[in-house]
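For reference, the structure discussed in these notes is given below.
Every chain is numbered from 1, with letters handed out A, B, ... down the list of sequences.
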Protein chains: 2
Amino acid sequence: MHKMPAMLTVPPKVSFKAQMYQAREAAILASACRLLGEKAFDLMTMDDVANAVGIAKASLYKHFGSKEALCTAAMVQMLGRVQTYLASLPAQTPALEKLHALLRWSLEQLLGNQMPLLPGRHSGLRAVLMANQDYRAGLRALSEQIGAWITEAQAQGLIDPGLPLVVVQYTLYARACDPALCLLKEGGQYSDAEIVELVLRTCFDGLVAR
Amino acid sequence: MHKMPAMLTVPPKVSFKAQMYQAREAAILASACRLLGEKAFDLMTMDDVANAVGIAKASLYKHFGSKEALCTAAMVQMLGRVQTYLASLPAQTPALEKLHALLRWSLEQLLGNQMPLLPGRHSGLRAVLMANQDYRAGLRALSEQIGAWITEAQAQGLIDPGLPLVVVQYTLYARACDPALCLLKEGGQYSDAEIVELVLRTCFDGLVAR
DNA sequence: GTCTATATTTAGATAGAC
DNA sequence: GTCTATCTAAATATAGAC
C-alpha cells in the first residue's frame with residue numbers, strides 16, 4: 001500500500017488538525033480566563049487549568065511555555081476584547097457615555113466570573129505583565145483611548161475638570177477589579193444588573209447626596 | 001556554687017523574660033503587617049517574616065502555630081487599631097466627618113506600606129479570616145459602628161439616602177484596599193497627602209462635575 | 001526559647017512512551 | 001500532540017541539639 005498523492009488528501013487534513021489545535025488553545029485560554037476570575041493568579045494552578053479543559057497538564061505546555069505565558073496571553077486577549085467592544089460603540093456616542101459603557105462592560109465581566117481587566121493590587125501577575133511588550137502596548141492603547149474620552153468629558157464639564165487625568169483613569173481601572181462587587185454578589189441581595197448600576201453610580205456620582 | 005534564693009532573683013527575671021517574649025511577638029506582628037502591605041498573603045513567606053524580624057523561622061512557630069494564625073493575629077490587631085482610632089474621635093464630630101476620618105486613616109495605612117484593613121478580592125487569607133471568631137467579631141463591631149454613622153449621615157441628607165447601607169459600607173471597605181493608591185504612588189507625581197485627598201474626593205464626590 | 005537541619009507537601013515544568 | 005510518570009524548587013512546618 002503506497003501513499004496517496006499528498007495534494008489530494010493532506011491539505012484538508014492539516015487544516016483540520018490546525019483547527020483542532022486552535023480550538024483547544026481557545027479552550028485553554030477560556031478556562032484560564034474563568035479560573036482567573038475565580039481565584040488570584042498565585043492561587044490558580046496549572047492542574048486547575050488542565051482539569052478544567054480536560055487535558056493533561058503536559059499538553060498545556062505544548063501550547064504555552066509557562067504559567068506566566070498562558071496568563072499573559074489571556075490578559076492580552078482580554079485587552080483586545082475590550083478594545084473591540086469600545087470600537088463597536090457608535091462614533092457619535094458622547095464621551096461620558098462611552099466611559100459608562102466601558103465600566104459597565106468591565107463590571108459585567110467580573111460578575112460573570114471572568115478575569116478582571118487589570119490584575120489586583122499585589123498580584124504576582126503584575127510584574128510579569130509589565131515585562132510583556134504586547135500587554136504594555138495594548139494597555140497603552142487602551143489608556144490613550146480612555147484618556148481622550150476623559151479629557152473630552154472634562155472639556156464638556158461633565159467630568160470634574162479639577163481632577164487630574166491619571167486620577168480619573170486609575171479610579172476607573174480600580175473599579176474594574178473592585179472587591180465591593182464580590183461582597184455585594186455574595187450578599188445575594190441584589191441582581192447582577194442592580195449591582196452594576198449601584199457600583200457605576202457610586203463611582204461617577206460618589207457617596208454624597210446631590 | 002549553689003543557687004540564690006528564688007524569691008530574690010527570679011521575680012524580676014521572669015518578668016524580664018516575659019517582656020522580651022512579648023516584645024519579640026510585637027516585632028513579629030509588626031513585620032507581618034509591613035510585609036502584608038508590600039505583598040499579598042499568598043506571596044509572603046514565613047522566611048520573609050523571619051528574616052525581617054531577624055530570628056530563625058522555627059522561632060516564629062513558638063509564637064504562632066501557623067502562617068494563618070500569625071496573619072489572623074495581625075489582622076485582628078489591625079481591626080483593634082482602627083477601632084481605637086475611631087474611639088478617639090471627639091464625640092461631637094459629625095457622622096460624615098467620622099467617615100472621612102476613617103477612610104483617611106485607612107489610606108494612610110496603605111501608603112505607609114501597612115497591611116490593608118481588609119483582604120483583597122481573592123486573597124487566600126479571606127477564607128481563613130472568616131473562619132476566625134475574633135476576626136468576625138471585630139469586623140462586625142466595626143461594621144455596626146460605621147453603619148450607624150452612615151445612617152446618621154443619610155438622615156442628615158449628607159450621604160445619598162437612595163444608596164442602600166451595604167453599598168455605602170462596601171464602597172468604603174473597597175477603598176481601604178484600592179489599587180488606585182498604588183498606581184498613583186508609583187507614578188511619583190503626587191505626595192502621599194495629595195493622593196489621600198484625591199482618593200477621598202473621588203470616593204465621596206464621584207468623578208462627575210458638581 | 002532559639003537555633004540548624006530536615007521532613008513534607010505542593011505546584012511548575014519535563015522526559016519518554018505511543 | 002497527548003498522555004503517564006517523574007523531576008525540581010519552594011514553602012510550610014517540625015525534630016533535636018544547646
Under-3.5 Å N/O pairs linking protein and nucleotides 12-15 of chain C:
from	atom 1	to	atom 2	distance (Å)
C:dG12	OP1	A:M44	O	3.4
C:dG12	OP1	A:K67	NZ	3.0
C:dG12	OP2	A:M46	N	2.8
C:dG12	N7	A:K57	NZ	3.2
C:dA13	OP2	A:Y61	OH	3.1
C:dA13	OP2	A:K67	N	2.9
C:dA13	N6	A:K57	NZ	3.2

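Remark: C1' of D:dA13 and CG of B:L60 are 11 Å apart, rounded to the nearest angstrom. Between the CD atom of B:Q22 and the C1' atom of C:dG1 there is a distance of 15 Å, given to the nearest Å. The distance from atom CG of B:D48 to atom P of D:dA13 is 14 Å, rounded to the nearest whole Å. Taking atom CZ of residue A:F64 and atom P of nucleotide D:dT2, one finds them 12 Å apart after rounding to whole Å. Distance, B:K62 NZ to C:dC3 P: 11 Å, rounded to whole Å.
Under 4.0 angstrom from either OP1 or OP2 of D:dC3 there lies at least one side-chain N or O belonging to A:S59. Of the side-chain N and O atoms in B:H63, none sit less than 4.0 angstrom from OP1 or OP2 of C:dG1.
With a 6.0 Å cutoff to the six-membered ring centre and a 45° limit on the axis angle, B:K67 does not count as a cation-pi contact of B:Y61. Both the sub-6.0 Å distance and the 45° axial angle are not jointly satisfied by B:K185 relative to the ring of B:Y190.
The line from CG of A:D42 to SG of A:C71 is 9.5 Å long, rounded to the nearest 0.5 Å. In this structure, NZ on B:K39 lies 14.5 Å from CE on B:M115, to the nearest 0.5 angstrom. Atoms CG and CZ, from A:L60 and A:R24 in turn, are 9.5 Å apart once rounded to the nearest 0.5 Å. Once rounded to the nearest 0.5 Å, the distance linking CG of B:L172 with CH2 of B:W149 reads 11.0 Å.
With salt bridges taken as basic N to acidic carboxylate O contacts below 4.0 Å, one links B:R104 and B:E197. The existence of a salt bridge linking B:R121 and A:D178 is excluded, since no basic side-chain nitrogen approaches an acidic carboxylate oxygen closer than 4.0 Å.
Considering B:D47, B:D48, B:N51 in turn, B:D47 is the only one that fulfils the side chain to side chain donor-acceptor pair (under 3.5 Å) rule with B:K57.
Axis angle, first five pairs versus last five pairs of the helix from C:dG1-D:dC18 to C:dC18-D:dG1: 20°, rounded to 10°.
Contact check of residues 29-40 of chain A against DNA chain D (heavy atom, cut-off under 4.0 Å) returns no residues at all.
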Subject >> Residues A:V196, A:L181; criterion side chain to side chain contact (heavy atoms under 4.5 Å, CB included); working and verdict >> reply: CA-CA 8 Å; A:V196 168; A:L181 247 88; 5.7 Å; no

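When distances are taken from the side chain of A:I55 to each of C:dG1, C:dT4, D:dC3, the shortest belongs to D:dC3.
In this pair, B:Y85 and B:W105 present their aromatic rings parallel. The plane angle is below 30°, not in the 30 to 60° band.
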